[in-house]
Amino acid sequence: MRSAPRANPYRDSWSGDLGAEHAGSAARVSGWVHNRRDHGGLIFVDLRDRSGIVQLVFHPENGAELFAAAERLRAEYVVSVAGDVLRRESGQVNPNLATGEIEIQVGEMTLLAESQTPPFPLDSDVELDEMLRLRHRTLDLRRRPMVDALVLRHEVVRTIRETLSDQDFLEVETPILTKSTPEGARDFLVPSRLQPGSFYALPQSPQLFKQLLMVAGYERYFQIARCFRDEDLRADRQPEFTQLDLEMSFVEEDDIIDVNERLMANVFQLGGIDIQAPPYERMGYAEAMLRFGTDRPDRRFGLEIADVSEHLRGSEFKVFSSVLNQAHPPGVVRAINAGAREVPRKELDELTEVAKRAGAGGLVWAFVQEDGTWRSPIAKFLSVEEIAAVTGALDAKPGDLLLAVADTVAVAANALGTLRLELAARWDLVAAGRHDVLWIVDFPMFGYNEDEDRWDALHHPFSAPTAPTGNTAADLAAADGPGSWLSRNYDLVCDGWELGGGSIRIHDPAVQLMVFEAIGLDEAEADTRFGFLLEALRFGAPPHGGIAFGIDRIVALLLGRESIRDVIAFPKTASGSDPLTGAPAQVDARQLRELGLRSAVTPAAPAR
Ligand code: ASP
């Protein structure tokens with residue numbers, strides 16, 4: 001419960017906190033005119049402040065001047081009023097309003113500010129154009145959904161701070177003007193005026209600083225950290241976003257997972273959402289990729305993927321046999337049982353397009369018929385045994401639609417993983433309000449970068465690799481090449497989103513150098529870029545590990561909002577611009593000169 005404001009000439013009460021218990025007393029409130037209704041010779045005004053809304057009533061008999069002033073009130077005017085809190089007559093009670101049992105009969109009013117007519121109504125739930133909302137964000141932020149979002153966001157951060165502080169975590173700030181930290185995205189650069197030609201990078205995460213804090217002996221660190229990644233913005237990404245960043249020393253995976261599960265359980269509770277209690281299930285990366293085609297599985301609906309290659313290995317159907325016989329990269333046939341559905345030809349063509357856009361050469365479809373045979377363009381190419389075996393492997397019944405992709409492992413996984421999500425959206429398969437959380441573990445350390453002929457760290461190159469025999473440099477050297485190393489990573493996945501991810505880190509400089517070498521950095525280059533880390537590791541580095549969670553995504557999830565822009569006070573558009581301030585914007589020639597810079601392009605007109 002809010003404490004009452006200190007009484008001053010503007011107010012002695014919050015609008016949203018007045019209730020039946022205040023009836024009979026006087027109150028003074030301040031706020032914005034949410035709306036005004038004139039009827040029956042009376043004027044009603046809904047007055048809004050951050051706490052909520054209270055109804056004001058103006059009677060002509062309380063003074064002609066006051067009444068005339070009330071008649072001049074328009075939406076978003078700012079006023080301070082004083083009057084008597086009265087119980088509403090029973091027929092007038094508004095059960096939808098926290099203050100709906102009372103109203104203030106105004107005896108006195110001060111007009112504090114007028115307002116132009118807002119470009120959109122602030123007192124209704126109508127769907128508004130997002131560009132318009134972002135352009136007029138100050139007004140948009142007055143709307144209830146935005147207030148609710150920012151209040152919950154605050155509660156999430158507060159819970160994080162309290163839960164972690166209670167467990168001896170220290171909040172430490174790390175620099176914004178820094179050197180590149182690779183998280184796999186492009187850096188935002190800031191030119192240095194004092195050292196012309198040199199640049200700071202904005203941090204993609206505090207990764208290296210938090211590791212240095214562990215080497216420095218701080219043991220348990222966290223930060224509500226702003227991170228910057230210059231990525232091509234996919235639908236729901238922001239160039240700057242907020243992470244809960246956390247690191248611990250002398251720990252293993254279970255220690256970090258345990259702290260974070262308890263923390264997340266507290267956070268999930270704030271949204272009152274229907275989600276499992278910890279401990280959360282852990283699933284290996286390989287299993288997730290096989291069954292869901294992604295390392296961020298959405299398990300709230302079925303449609304799991306099955307590998308049916310073994311049943312088709314001898315097939316005479318060319319498409320299958322050529323894929324299954326290819327050695328490098330190996331091919332597979334994988335399939336989904338989409339269930340009993342009448343899916344018209346046109347929709348099958350659309351689904352084929354979805355699979356193709358996800359990289360597949362095509363999509364095989366088949367309906368299981370009463371006699372166990374298939375209605376499918378490929379039925380005639382398959383033997384009765386093959387059809388029966390695949391039908392059995394997919395646990396399919398007459399009427400079921402089967403969808404299959406024959407391709408490389410990666411393409412088949414991606415195409416069917418994409419198709420699963422498409423089917424769930426088309427057929428509305430996710431029960432409202434249902435949530436699912438799990439850890440993904442046992443990631444490969446690297447993925448092969450064909451273009452540059454080297455390994456890329458799947459998470460980042462500071463995660464500790466493991467080999468079948470152990471984690472030491474000798475174990476890793478004895479293994480079957482870096483492609484066989486796993487990494488000691490864990491991602492927390494919720495409803496198909498990666499909410500957070502982290503790892504046990506490398507604390508042995510020799511292992512760190514092996515990983516740098518695998519990603520194509522020789523010792524000299526590694527030293528130029530990460531010498532400060534290598535040096536720290538040589539001065540007694542404890543075993544350590546950590547994690548980071550996306551706060552924007554967590555708040556959006558708790559509120560059931562589609563877009564993280566709806567839980568950020570001042571977000572950017574998908575093209576990285578801010579319609580409110582006009583950023584990014586051109587700068588003076590003089591500023592460029594001072595920085596020793598010259599622009600090689602004519603700036604595009606600002607996106608507004
Ligand atoms: N720095 C990592 C990230 O931002 C998280 C971590 O490994 O702690 O994704």
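Whatever order the structure lists ligands and atoms in, that order sets their numbers, starting from 1.
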From Met214 CE over to Met248 CE, what is the distance, rounded to the nearest 0.5 angstrom? 9.0 Å

Decide whether an N or O pair under 3.5 Å exists between Ser503 and ligand 1. no

Return the residue, atom name and 0.1 Å-rounded distance of the protein heavy atom closest to atom 2 (C) of ligand 1. Glu183 OE2, 3.4 Å

Taking the six-membered ring for Trp, are Phe268 and Tyr280 parallel (under 30°), tilted (30 to 60°) or perpendicular (over 60°)? tilted

Does ligand 1 have any atom that is closer than 4.0 Å to a heavy atom of Gln204? no

Examine ligand 1 and decide if any of its atoms is less than 4.0 Å from a heavy atom belonging to Glu247. no

Give, for atom CG of Leu423 and atom CG of Asp428, the distance between the pair rounded to the nearest 0.5 Å. 12.5 Å

Going by heavy atoms, is Arg229 under 4.0 Å from ligand 1? yes

Atoms of ligand 1 close to Ile547 [distance to a heavy atom under 4.0 angstrom, numbered from 1]: 8 (O)

Within the structure, does Asp245 bring an N/O atom to less than 3.5 angstrom of an N/O atom in ligand 1? no

I want to know whether Tyr490 and Phe443 have ring centres closer than 6.0 Å. no

Sidechain-backbone polar pair: Arg291 side chain, Ala306 backbone, donor-acceptor under 3.5 Å: no

Which atoms of ligand 1 have any heavy atom of Gln207 under 4.0 Å away? 1 (N), 2 (C), 5 (C), 6 (C), 7 (O), 8 (O)

Side chain, backbone, both or neither: which part of Ser205 comes within less than 4.0 Å of ligand 1 when only heavy atoms are counted? side chain

Closer than 3.5 angstrom, by distance alone: can the side chain of Trp455 be matched with the main-chain N or O of Pro482 as a donor-acceptor pair? no

I want to know if ligand 1 touches Arg505 in the polar sense, i.e. an N/O pair below 3.5 angstrom. yes

Would you indicate whether the side-chain heavy atoms of Leu419 and Ile305 approach each other to under 4.5 Å? no

Please tabulate, one pair per line, all N/O donor-acceptor pairs under 3.5 Å involving side-chain atoms of residues 512-526, not counting sequence neighbours.
residue, atom, partner, partner atom, Å
Gln512, NE2, Pro461, O, 2.8
Asp522, OD1, Ala524, N, 3.1
Asp522, OD1, Glu525, N, 2.8

Report the nearest protein non-hydrogen atom to atom 5 (C) of ligand 1: residue, atom name, distance rounded to 0.1 Å. Gly501 O, 3.4 Å

